[in-house]
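Below you'll find the structure, written out as structure tokens, and then a few comments.
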Amino acid sequence: MAKSFRTLDDIGDIRGKRVLVREDLNVPFADGQVTDDTRLRATVATVSELADKGAIVLILAHFGRPKGVPSPELSLAQIVKPYEAVLGRPVRYIDWEGDAANVAMLQPGDIAVLENTRFFGGEEKNDPAVVDRFAALGDIYVNDAFSAAHRAHASTEGLAHKLPAYAGRAMEAELDALQKALGEPEHPVAAVVGGAKVSTKLAVLKHLVGKVDHLIIGGGMANTFLAARGVNVGKSLCEHDLTGTADEIMEAADRAGCTVHLPYDVVVAKEFKPNPPTRTVNVHEVAADEMILDVGPAAVEALGDVLKNCRTLVWNGPLGAFETPPFDAATVALAKTAAALTVDGSLVSVAGGGDTVAALNHAGVADEFTFVSTAGGAFLEWMEGRELPGVAALMH
């Protein structure tokens with residue numbers, strides 16, 4: 001199938017060309033150390049390929065929220081050494097003072113990280129003057145940062161209209177996976193949507209009921225849906241003011257032929273802390289002083305059977321309060337089932353969102369899913385069916 005966007009395969013001879021590459025280097029940083037280098041590793045394929053082909057690689061990225069005010073704490077200079085360790089090759093750092101002269105000194109195959117794009121107030125406003133400032137440094141633009149693609153900033157959207165624009169390898173992999181998951185998926189399609197609150201996932205749920213065959217609702221969100229069905233959820237986290245909305249979503253699912261799966265057995269406790277006394281009960285047996293903190297084993301087994309009959313799975317959010325044992329059991333069990341089906345080749349599994357990545361890593365199965373997106377907000381907006389400006393700008 002022809003891609004709707006240009007990739008590095010379409011770029012031609014780039015020896016000696018200056019390639020501006022938008023990457024996501026916004027990594028967690030404490031005491032002078034990068035505490036999680038996942039995002040740095042995601043850039044290696046694109047940056048190495050361009051450098052090996054003789055391009056002068058100029059990396060654009062933001063770090064934190066400086067709001068247009070330069071500060072040493074938010075300088076990308078401090079990321080250069082850890083980034084060199086991940087890339088396994090030298091990386092220069094170029095400040096915005098005298099940037100043009102410093103870029104002019106670079107040789108084919110050199111890699112440089114330019115200073116934080118958000119040191120310009122106009123970056124987040126997609127100011128044409130900032131776009132021109134960046135564009136003057138390069139001949140070609142490559143966007144490899146899907147996680148920043150939901151923002152129409154100078155470095156994520158504006159540049160794609162100024163220079164020949166291509167998707168990097170990480171962006172390409174992300175877009176291919178998302179196309180397989182919801183764009184043109186193989187049916188039946190299941191979606192697992194978890195998390196604490198319905199209010200944060202309303203747009204996702206409304207979009208998904210028209211796209212998927214099975215909608216599995218977990219986490220605190222499920223309590224709101226159970227309450228909408230007349231279940232007394234005791235002291236559980238529940239948005240009682242949204243039960244009407246939950247009813248509307250279930251009615252929309254009925255009309256679309258989408259089956260909504262809610263837990264029918266649950267794990268409850270009287271207090272939310274690690275390893276308290278718990279009991280597993282039918283949802284209609286939750287006592288007034290108990291709270292639902294995980295999906296029960298019978299429901300998880302039934303959900304596993306649902307996945308066995310599906311060809312595609314999209315996963316966002318845990319089934320229970322997975323950070324606090326033993327309320328990780330349902331998430332881990334269903335994630336292991338999904339991973340095994342993926343390894344067997346019967347399921348395409350795509351997952352994303354911060355909590356989701358943590359939950360799949362906790363279950364030890366992140367590497368066995370077809371694709372795990374490290375993009376938080378962009379992944380959620382994609383699940384809501386919204387157009388992402390940084391992606392739209394790459395389409396031809």
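Residues: numbered from 1 along the sequence shown.
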Legend entry - Shared-cluster residues of V332, by chain and number - hydrophobic side chains joined below 4.5 Å: none
Legend entry - Donor on one side chain, acceptor on other, T156 and R22, under 3.5 Å: no
Legend entry - Any side-chain heavy-atom pair of K211 and H187 under 4.5 Å: no
Legend entry - Ionic contact status for R169 with D9, cut-off 4.0 Å: yes
Inset, instruction - Tell me who clusters with F369, hydrophobic residues only, linked when side chains sit under 4.5 Å apart either directly or through other members. - result: V192, I216, V295, V300, L303, L307, L313, W315, L319, L334, L341, L347, V357, L360, V365, V372
Legend entry - NZ/NE/NH1/NH2 to OD/OE distance under 4.0 Å, D24 and R39: yes
Legend entry - Heavy-atom side-chain proximity of V391 to L175 below 4.5 angstrom: yes
Inset, instruction - Flag the pair T245 / E239 as yes when at least one side-chain heavy-atom distance between them is below 4.5 Å, and no otherwise. - result: no
Legend entry - CA sep, side-chain torsions, deciding dist, call: V268, I292, side-chain contact (heavy atoms from CB on, under 4.5 Å): CA-CA 5 Å; V268 297; I292 299 170; 4.0 Å; yes
Inset, instruction - For residues L388 and F146, determine if any side-chain heavy atom of one lies less than 4.5 Å from a side-chain heavy atom of the other. - result: yes
Inset, instruction - Could you check Q179 against E184 for side-chain contact (heavy atoms from CB on, under 4.5 Å), going step by step and ending with a plain yes or no? - result: CA-CA 6 Å; Q179 186 65 7; E184 295 174 4; 3.4 Å; yes
Inset, instruction - For residues E174 and F371, determine if any side-chain heavy atom of one lies less than 4.5 Å from a side-chain heavy atom of the other. - result: yes
Inset, instruction - Please examine the side chains of R6 and P164, heavy atoms only from C-beta on, and report whether any two atoms are closer than 4.5 Å. - result: yes
Inset, instruction - May I ask you to check whether F120 and W96 place their ring centres under 6.0 Å from each other? - result: yes
Inset, instruction - Flag the pair R279 and E290 as a salt bridge only when some basic side-chain nitrogen lies within less than 4.0 angstrom of an acidic carboxylate oxygen. - result: yes
Inset, instruction - May I ask you to check whether T117 and E123 show a side-chain donor-acceptor distance below 3.5 Å? - result: yes
Inset, instruction - With rounding to the nearest 0.5 Å, note down the distance linking CZ in R65 to CG in N26. - result: 8.5 Å
Legend entry - Carboxylate-amine/guanidinium proximity below 4.0 Å for R89 and D52: yes
